[in-house]
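Keep in mind that what you see is a predicted model, and the values were worked out from it rather than measured. A note on names: the letters A, B, ... follow the listed sequences, proteins ahead of strands, and every chain is numbered from 1.
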Amino acid sequence: MKLISAIITVIIISAILENFLPWWIIAPVAFVVCYLFKLKWHIAFLAGFLGLFILWAGMAFLIDHANEHILSDRVSVLFFKSVKPFALVIMTGVIGGLVAGFSGMAGSLLAKK
Amino acid sequence: MRRIGFLASSIIAIALVVILNHPNLAPGAPALGKFFDPYNGFWQNAESTNHFKDINLNIDGLRDMVEVYFDDRMVPHIYAKNDEDLMFMQGYITAKNRLWQMEIQTQNAAGRVCEVAGDKALPVDRLNRRIGLGFGAENSKAFIEKDAASNDLVRAYCAGVNAYIKNLKPKDYPIEYKLLGYAPEEWTPIKVALLLKNMANMLSVYEFDIENTNFVSKFGEDQFRYLYPERDSFSDYIIPKGTKWAFAPDSALKAMPEAMPKGDKISDMDHDWSEESYDRIIEKPKELNGSNNWAVSGSKTKSGRPLLCNDPHLQLNLPSIWYEMHLVSPTMNVYGATLPGAPCVISGFNDSIAWGVTNGGRDVRDWFKITFKDDSHNEYLVDGKWEKIQRRIEHIKIKGSKEFLDTVMYTRYGPIVFDGSFGDVKSKQYLAMKWTAHQGSNEFKTFYLLNQGKNYDNYIEALTNYSCPTQNFVFASRSGDIAIKEQGTHPLTKMFVTDGSKSENDWNQIIPTAHNPTVKNPERGFVSSANQFPVDETYPYPVTHVGIYEDSRAIRINKLLSDTNKMDAAYMMKIQADNYNVYASLLLPTMLRLIDRSKLKGEELDALQALDKWDYNDNKDSKATVYYEEWATEFKNMLWDEMSDPSLPMRKPNSFRTAYFLKNDSTSSFYDNQQTGEKETREMIVLESFDKAMNNLKQKHGSLSQIPDWGTHKATMVHHLSPQLDAFSRMNVYCGGNASIVNATTHDHGPSWRMIVDFGDMKAYCLFPGGESGNPGSKFYDDMIDKWAKGEYYMAKFEPKEQLEKEKLFKLVASHE
């Protein structure tokens, strides 16, 4: 339950702050949320990773869907040398997820004595 | 343990942020975190394909309300209440769709690519500065400022671009900025001037003074006259033969000293002339940078009113070189192709007139040898006196490196492009360049006046402001006039490198603009141009025209326009898509007659028989075309191998001359291949080039029976402007045509804008190989390519706003409160 609340909190706060602040604001967000929720370190990693994976991959998926893969087809050729729009969505989620995951983990480890 | 865990995870988290925020981890890679962030990165460039909503904007700088309707191809129709608002909004809307392209093109002309691409662009930046593009742009900017009305409108355009840039957040930047990691900068009038100079650099560098000098040094004057004749007997001039000139010639302009290098001059230019680098560094214009335009009088159309067509041929690029627009104000209602970054319509029509442009192949550039007093290079010789050199220091900023300073010496003629510090010139030759593009001029005014033009007189008046690059402006009016004029500033230029120590060699004589070749309502009922030689022998002034263009397109177009008196828009479409290869029809019969068939068997013989039956059409589904094009290319290379000496740049005779030569000259020493000990004859190189061509095809495709058809083999591509961003290019566009064919579509070059205006029903048909949007994440980025490849058209929505209100995709209303 705590995990799910943490994930939702990470998603909501990140989504709001991303509108004004640079992309790396997701790191302090995950850090602070996991600190305040006092999660175990591996749960904290999951909270950060899943939160940002869902947020970033989800956003990318919605944008990509509305765009009918026009841009993701081209950008995936740039990165993977072949047309793989879905891989680009996953990669987006993983990048955000890793940053938030490790930040969340650090936050949780600071919290407990 | 916990403390170690905290430290470790913190370090990993911070390291991830730092790494993902850092550009260029792999060469050219963006900062991945920034780039993939769906809120600010590239995903923001992915536009919805079916969700469009109206926009209301409050923009500082507008005087009144402006309405912009976007139609189903995203063509903007701008309705403004005054011209300044119109130009303002043209700038705003163009920036919204083409910002990155506008900026990179001016950065290229200004020699500022290093700022974005790093030191690998240094030779290009130095060259563009040393040939004086910035110098010319500064002169043009100052010239435009002298005309208050032009100045206000150019400034309004810039203000519009800046109004758009000002409100951009990084997430809104075009994707290329995000990939290359930089930000848009302010748009200024000098950039408008730079764009026009960039055009001049593409379209007015048709001189071969150095190559001609070398050729004469090596082969003599007679061969020069023979292989590079001013006119060919079968030439079909722009101004029909026998047209009377409507002006009294200026007799002072007649006597022109012959510039042919003779005696010691030739030896001066001989092998010490080590301009190996010249060819490599200054890219020579392709004979492909041609274009077609024509206008047909009402006497030859079904409707009884004129038709006008234009298709300029340029490098096929994305974002597209042209941006289609409809501009309406109380003074104009104009539609056509605009050049992103510059105001007005360049090739288009309004409710009274239509016009289009093709390039005039005039020589408007000369090279002067400079004699310095001493090694300080402070003074140089003119008429026995020493003149002072001016120095211009070019500050080239380089991404990731320190600034590069380049000192360019300026003479009375212009910049010394090659001076030993540039272009690894081994011998100490100092060459100054003089070029009409260095002079201040106001081409903008020509287009502004054409945009508002009502009749023939307005058209002629508009052209008087036009200087460089020389263009053949075709014209038609709804009231029934047709005309064409070759317009530009035309000094009596030289064909060879000339001696700068004598002022008599300078451009002391310039043809008056009123005396430029023109014809109105000729008897034959049409006017046309396809870059060919402009005039017959009765024209009273010397014409330095470089002759790299061929008459093939002109001959074909004129034939098709003569064939019928019942022309309509559909017939015009057929002409623009015509694939008949006039050059092949002249060259191939001789090749087929001369080839020794007894030496061929099997697949080769089959290929030859396919050529016997070929109808000379470079159609996309033809295989014979592949045999022919490969053979013709090899033949030309083998025949003119004498001109491929890397230490001595020369040019090859044009294709028409090649066909004439093969047919009529059986014994020339040019048939001998320089690479072999043997002495080749005409028949031998016909056979050898055929063998080589067929071997090339076999190597590429396995066997001759497996070769694909012409459209597949040619594999036309529309290339993204940045060489690193191939993923944004469009590859393998299946279509017919080739160089020197009316449908001049080659592998990467072709009709960059097709337009047909029918004054019968006031309808126009147009499209270009790309799309209105410059964003690779938009469905309007390349949506016109497929129709373009098939030779199909869209009907321009040249409509009143009540009609557009019904058909629009969405509407933008801007005003200043």
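- We find the CG-OH distance between A:Asn19 and B:Tyr39 to be 6.5 Å, quoted to the nearest 0.5 Å.
- Residues A:Ala27 and B:Val17 approach most closely at CB-CG2, 4.0 Å, considering heavy atoms.
- For the atom pair CG (A:Leu71) and NZ (B:Lys779), the distance works out to 15.5 Å, reported to the nearest 0.5 Å.
- Counting heavy-atom pairs closer than 4.5 Å to chain A, the top-ranked of the candidates B:Ile175, B:Ile14, B:Leu16, B:Asp726 is B:Leu16.
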Apply the test side chain to side chain contact (heavy atoms under 4.5 Å, CB included) to residues A:Leu78 and B:Phe42: give CA-CA distance (whole Å), side-chain angles for both, the deciding distance (0.1 Å), then the verdict.
CA-CA 12 Å; A:Leu78 203 61; B:Phe42 80 89; over 6 Å; no
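- The CG atom of B:Asn21 sits 5.5 Å away from the CH2 atom of A:Trp23 when rounded to the nearest 0.5 Å.
- Using bins of under 30°, 30° to 60° and over 60° for the plane-to-plane angle, the ring pair A:Phe79/B:Phe36 lands in the perpendicular bin.
- Using a distance-only test at 3.5 Å, with no hydrogens or angles considered, no donor-acceptor pair links the side chain of A:Arg74 to the main chain of B:Gly777.
- Across all non-hydrogen atoms, the minimal contact from A:Ala106 to B:Ser10 is CB-OG, 3.4 Å.
- Contact annotation for B:Leu179: only side-chain heavy atoms (C-beta onward) come within less than 4.5 Å of a heavy atom of chain A.
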Between B:Trp43 and A:Thr92, is a side-chain hydrogen bond (donor to acceptor under 3.5 Å, both in side chains) present by the stated rule, with each step listed?
CA-CA 10 Å; B:Trp43 289 108; A:Thr92 303; 3.0 Å; yes
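- Residues of residues 45-56 of chain B placed with any heavy atom under 4.5 Å of a heavy atom in chain A are listed by number as B:Asn45, B:Ala46, B:Glu47, B:Ser48, B:Thr49.
- In the displayed structure, B:Lys34 atom NZ is contacted under 6.0 Å by at most 12 heavy atoms of other residues, nucleotides or ligands.
- Here CG of B:Asn775 is found 9.5 Å from CD1 of A:Ile70. Values are rounded to the nearest 0.5 Å.
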